[in-house]
Amino acid sequence: METGPEPELLNVIDIEATCWDGQPPPGAVSEIIEIGLTVVDLRSAERVARHRILVRPARSTVSAFCTELTGLTQAEVDTGLPFADACRLLATEHRAGARPWASWGDYDRNQFTRQCRATGTRYPFGHRHTNAKLPFTESYGLRKRPGMAQALRIAGLPLEGRHHSGADDAWNIAALVLEVAARGAWPEATT
């Protein structure tokens, strides 16, 4: 029996965090409330898995502004995992420490770094992170780095699902990663 080439898997991550229209209330900090994860096989050029992890915030609540933006409610995120458990799940179920990963911009990576430091939680990812916005911008010869929705328009791809849903945004960013890879512009994974 013949098997195809080994998959070359990449985790594409997009998070949503508590947010406010203006300054956070006294004592509140922005915390991750949803982790969207799409697994991409760069070798077969397809999105092979889609995951959504809800995270229960400990030091903030979901504002009306945040619900309007993300569609997430306090009641919904109350059913989520504590942040440390969500990070453990990323490491064990999704091989976050071993597998290279990508996000649109550096916000997601920085938010994980900040929140892990603030809560004493082990950072779940390895060091092989790609800000997907950079190879996209370069491969299209753009002067300015586009947001995800604008990048989809530039690439002629549909925005699937709801913008500012972590799971849907990760799925859409994965499509952009595959588009960049098809153009031969996705950076090689480094070990």
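Rounding to the nearest 0.5 Å places CD of E31 at 12.0 Å from CZ of R114. With values rounded to the nearest 0.5 angstrom, T70 atom OG1 is found 9.5 Å from H164 atom NE2. Going from atom CZ of R109 over to atom OG1 of T113 covers 6.0 Å, rounded to the nearest 0.5 Å. With values rounded to the nearest 0.5 angstrom, E8 atom CD is found 11.5 Å from R99 atom CZ.
Of all the heavy atoms in V77 and P57, the pair that sits closest is CG2-CD, 3.6 Å. Here the shortest heavy-atom pairing between A118 and R59 reads CB-NH2, 3.7 Å. In plain terms, the two heavy atoms of R162 and E68 that are nearest each other are NH2-O, 2.7 Å. Shortest non-hydrogen contact noted between A170 and D14 is N-CB, 3.7 Å. The two residues W104 and P146 make their nearest non-hydrogen contact at NE1-O, 3.0 Å. Closest of all the heavy-atom pairs between Q115 and T119 is O-OG1, 2.7 Å.
Counting heavy atoms from C-beta outward, P24 and S30 have side chains that stay 4.5 Å or more apart. The shortest side-chain heavy-atom distance between E160 and D168 does not fall under the 4.5 Å cut-off. Side-chain contact between D106 and H129 is present, with heavy atoms from C-beta onward closer than 4.5 Å. Side-chain contact between P25 and S63 is absent, with no heavy atoms from C-beta onward closer than 4.5 Å. The side-chain heavy atoms of R122 and C87, taken from C-beta on, include no pair separated by under 4.5 Å.
A single hydrophobic cluster is seen to contain both L176 and L142, as judged by linkage of ILVMFWY side chains at heavy-atom distances under 4.5 Å, directly or through other members. In the hydrophobic cluster analysis, where Ile, Leu, Val, Met, Phe, Trp and Tyr join through side-chain heavy atoms closer than 4.5 angstrom, L178 is grouped together with W186. Both L159 and V40 sit in one connected hydrophobic cluster of ILVMFWY residues. Membership requires side-chain heavy atoms under 4.5 Å apart, directly or through other members. Residues L134 and M148 fall into different hydrophobic clusters, defined by Ile, Leu, Val, Met, Phe, Trp and Tyr side chains chained together at heavy-atom separations under 4.5 Å. Residues L157 and W171 do not share a hydrophobic cluster, clusters being chains of Ile/Leu/Val/Met/Phe/Trp/Tyr side chains in contact below 4.5 Å.
Sparse packing is recorded around CZ of R95, with 12 or fewer heavy atoms of other residues, nucleotides or ligands lying under 6.0 Å away.
Other cluster members for V39: L9, I13, I15, I32, I35, L37, V48, I53, V55, L81, F83, L89, L90, W101, Y107, F112, Y123, F125, joined by side-chain heavy-atom distances under 4.5 Å among Ile, Leu, Val, Met, Phe, Trp and Tyr.
When the side chain to side chain donor-acceptor pair (under 3.5 Å) test is applied to E179, the partners found at least two apart in sequence or on another chain are Y140.
In summary, R52 and E76 engage in a salt bridge, as defined by a charged side-chain N under 4.0 Å from a carboxylate O.
Just one of I33, D21, L72, T61 meets the side chain to side chain contact (heavy atoms under 4.5 Å, CB included) condition when paired with C66; it is I33.
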Check: Checking side chain to side chain contact (heavy atoms under 4.5 Å, CB included) for the pair D108/Q111: CA distance, chi angles, key distance, verdict?
Finding: CA-CA 5 Å; D108 305 77; Q111 180 65 30; 5.9 Å; no

Check: So H163 and N172, side chain to side chain contact (heavy atoms under 4.5 Å, CB included) or not? Walk me through it.
Finding: CA-CA 9 Å; H163 192 16; N172 286 304; over 6 Å; no

Next item on the list: Please test R43 against E6 for salt bridge (Lys or Arg N to Asp or Glu O under 4.0 Å), starting from the C-alpha separation and ending with a verdict.
Entry: CA-CA 8 Å; R43 195 152 286 133; E6 268 299 296; over 6 Å; no

